Amino acid sequence: MNISPDAPASLLGRHLLGIADLSPGEIALVLDTADAMKEIGGRAIKKVPALRGRTVVNLFFEPSTRTRMSFEIAEKRLSADTLNFAASTSSVSKGETLADTARNLEAMQPDIIVVRHASSGAAHLLSRVCRARVVNAGDGTHEHPTQALLDAYTIRERKGRLEGLKVAIIGDLLHSRVLRSNLLLLTKMGAEVWACGPATLLPPGLAQYGARVTVSMDEALEGADAVMMLRVQHERMKGMFLPSLREYFTLFGLTEERLRRAKEDVIVMHPGPMNRGVEIDSAVADGRWSVILDQVSNGVAVRMAVLYLMAGGSEEAER
Amino acid sequence: MKFLLKGGTVVDPASGLNGARDLLVDNGRIVKVGQDLPADGARVLEVPRGAVVVPGLIDMHVHLREPGHEHKETIATGTASAVAGGFTAVACMPNTDPVNDQAGITGYILAKAAEAGLARVYPIGAVSIGSKGEQLAEIGDLHRAGCVAISDDGRPVASALLMRRALEYAGMFDMPVIDHCEDASLKSDGVAHEGARSSMLGLKGLPAVAETLIVDRGILLSELTGSRFHVAHMSVASALRSVREGKARGVTVTCEVAPHHFTLTDDALEGYDTNTKMNPPLREQADVDAMLSGLADGSIDVIATDHAPHHADEKALEFDRAPFGIVGLETAVPLCFDRLVHRGVVTLSRLVELLSVNPARILKVGGGTLAEGAVADITLLAPDLAVRVDAQALVSKSKNTPFDGWDLKGAAAATIVGGRIVYVNGAVSWSGAWKDHV
């Protein structure tokens with residue numbers, strides 16, 4: 001694939017707020033484009049001029065190391081000018097509203113704003129205020145679309161397809177934006193999604209969105225092609241969701257023994273950061289099934305693809 | 001002022017009247033109702049073709065925000081919004097700053113309302129001091145100062161014990177206790193109806209059962225005490241089921257529903273418009289259908305708006321940080337006609353019961369009828385007038401409505417309070433003496 005600075009108009013719509021807005025064709029386009037981007041990451045000189053002269057702001061209101069670095073590397077490999085904005089060092093702590101922060105950034109004419117925020121819908125709010133294109137890098141417990149895209153890329157890389165696969169997503173479903181984006185993406189692409197977690201952490205109505213819902217880990221794992229483990233946070237004991245992390249591991253921790261119910265060539269995934277010994281046993285996390293570090297590598301390629309496709313259009317072309 | 005409202009269809013369910021009548025008004029009262037009444041020296045006001053004359057509409061659940069939150073609304077702007085919506089009277093909730101928990105504040109509200117001289121204002125006093133749920137407010141004093149009911153609205157009456165005491169105590173003055181029914185622990189920090197929609201939007205849920213649990217508590221305590229219990233802004237099917245069962249066994253429970261709860265579902269939350277955030281939240285289709293059935297069969301007593309003005313800056317926040325509530329006074333009549341009358345859910349006569357007769361009966365205030373001798377609180381309705389809701393054109397100081405841009409059929413044509421014409425809708429074609437008022 002030839003990446004040229006004279007790329008066509010955005011192939012992903014105005015903003016990337018969630019997987020909900022993407023068609024199966026658009027999802028496939030991102031994954032195919034990521035193949036070309038991954039090749040760039042393997043070169044000695046890992047840089048192409050696709051976004052030269054474009055400004056990308058990474059607006060992170062929530063602490064994040066992995067996602068922010070992944071975006072930043074992706075931006076740099078595409079030659080964009082990048083600017084990092086962290087809430088702790090910003091005027092947010094002085095009481096400025098999100099909309100005003102965005103308007104101030106907007107006044108500096110960025111082309112793309114990548115936003116991470118603790119409130120669901122924050123990316124939507126930004127997209128209404130800003131002319132720049134908005135990429136949602138995780139909003140509350142709503143969506144994390146680039147995570148789902150990199151997960152899908154990783155599965156496709158290993159399995160050659162998404163359609164017809166059984167994917168089990170296990171853990172704290174209620175508080176997971178990774179679950180929501182993956183459920184939407186995988187069902188759109190024809191995979192069978194099993195959602196499994198303790199009853200106190202199951203969001204209502206998942207079945208209406210195509211998930212097979214179960215509290216039995218064995219049922220979720222039976223014949224699975226891919227298993228995605230979700231992080232369980234320590235503070236979940238406070239909301240009376242869980243009695244203890246010890247008990248959580250005995251009921252929902254992924255061990256080698258449990259994993260035997262899955263297909264022989266099952267892959268194990270985790271969006272990170274992992275809690276070893278809480279949701280996943282180290283023997284599994286570091287074992288032959290694990291593609292957890294592949295996810296991280298692929299994250300860069302997928303984010304390059306997203307940024308490239310979104311910035312492809314010039315302002316002129318839009319008007 | 002003496003005038004004759006001539007040539008209109010009069011719908012007055014309280015006196016069983018639904019037909020062509022003239023109304024003679026003098027000195028703030030309706031002095032004569034009849035066919036082809038002579039002018040007899042009175043100014044003749046011809047009722048426009050298609051308009052209907054009904055007893056003044058009463059909104060028994062509004063937030064006027066004064067004292068304390070005048071940047072959202074004042075008693076003057078709130079009552080101006082009320083009359084522009086066809087309401088001749090409103091009952092205002094006590095969650096001002098300070099809370100209306102003592103006679104001095106009630107007196108302040110009434111003085112401001114008199115100064116504005118638009119809609120009548122019936123203050124609702126607090127159940128507990130500061131609405132904190134710890135100690136009963138001086139309910140006798142509040143009653144004497146002019147409060148027509150008590151409520152800790154904005155929050156639920158804090159405990160079963162307080163609710164019991166409030167019912168017992170308010171019962172001495174035959175005042176209803178109005179409760180915002182919601183179990184606080186189940187509510188937690190929820191912001192949207194708990195269901196498939198909130199799950200996928202990643203918004204923390206407000207479960208339906210949190211409402212029904214406290215409705216059930218109120219019904220049981222009303223049964224125990226024999227005092228009147230009124231459910232504010234009911235929104236879920238299971239709460240309606242409880243009210244129906246309570247009424248069937250003779251409990252003195254009444255309930256209201258807000259127009260947005262029979263019009264919108266939580267589908268409207270897609271896109272995170274904070275003008276779709278209110279408490280109770282927008283529910284599911286099954287709940288909307290239940291509200292419509294309750295309106296049709298009479299188990300719902302009242303339509304009330306829960307008019308909750310908020311400044312645009314307060315709503316321009318992340319969904320979970322924005323305050324709950326929308327304005328409702330000026331969209332209520334159009335929504336009631338469009339969604340209820342024109343779709344055959346209720347008759348016009350039944351609508352008048354919901355918007356006038358029953359709130360007057362529950363609050364034991366004047367109005368609710370056009371019988372001879374009654375106070376001349378009169379609303380003229382234009383059932384077929386086409387309106388497009390324009391948030392920025394609302395009379396209310398705040399513009400937080402999810403109905404901006406909606407095309408609806410039906411509106412208030414004119415509002416008369418105590419024999420004074422306080423609002424005339426410029427979109428209606430008026431003739432003769434009306435023109436002086438447009």
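Just so you know, these numbers come straight off a predicted model, no measurement behind them.
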Enquirer: Which heavy atom of A122(A) sits nearest a heavy atom of E318(B), and at what distance?
Expert: CB-CG, 4.5 Å
Enquirer: Check whether any side-chain heavy atom of S120(A) lies under 4.5 Å from a side-chain heavy atom of F319(B), and answer yes or no.
Expert: no
Enquirer: Give a yes or no on whether the backbone of S199(B) and the side-chain of R180(A) come within a donor-acceptor separation of less than 3.5 Å.
Expert: yes
Enquirer: Between CG of L17(A) and OH of Y272(B), what distance do you get to the nearest 0.5 Å?
Expert: 9.5 Å
Enquirer: Tell me, do M200(B) and L184(A) make a side-chain contact under 4.5 Å, heavy atoms counted?
Expert: yes
Enquirer: Counting only heavy atoms closer than 4.5 Å, note whether L206(A) contacts chain B via side chain, backbone, both or neither.
Expert: side chain
Enquirer: Provide the closest heavy-atom pair for L203(B) versus T141(A) in the form atom of the first, atom of the second, distance.
Expert: N-OG1, 4.4 Å
Enquirer: If I take atom OG1 from residue T274(B) and atom CG from residue L125(A), how far apart are they, to the nearest 0.5 angstrom?
Expert: 8.0 Å
Enquirer: Considering only heavy atoms, which portion of R177(A) lies under 4.5 Å from any heavy atom of chain B: side chain, backbone, both, or neither?
Expert: neither
Enquirer: So which of L98(A), L174(A), L126(A) has the biggest tally of heavy-atom pairs under 4.5 Å with chain B?
Expert: L98(A)
Enquirer: Sort by residue number and list every member of residues 184-196 of chain B having a non-hydrogen atom under 4.5 Å from chain A.
Expert: E194(B), G195(B), A196(B)
Enquirer: Calculate, to the nearest 0.5 Å, the distance between atoms NE2 and NZ belonging to H175(A) and K204(B) respectively.
Expert: 6.0 Å
Enquirer: Below 4.5 Å, heavy-atom pairs only: which of S119(A), G18(A), P203(A) has the largest tally toward chain B?
Expert: S119(A)
Enquirer: Report the distance from atom CD of E270(B) to atom NE2 of H124(A), rounding to the nearest 0.5 Å.
Expert: 7.0 Å
Enquirer: Do R128(A) side-chain atoms and G271(B) backbone N/O form a donor-acceptor pair below 3.5 Å?
Expert: yes
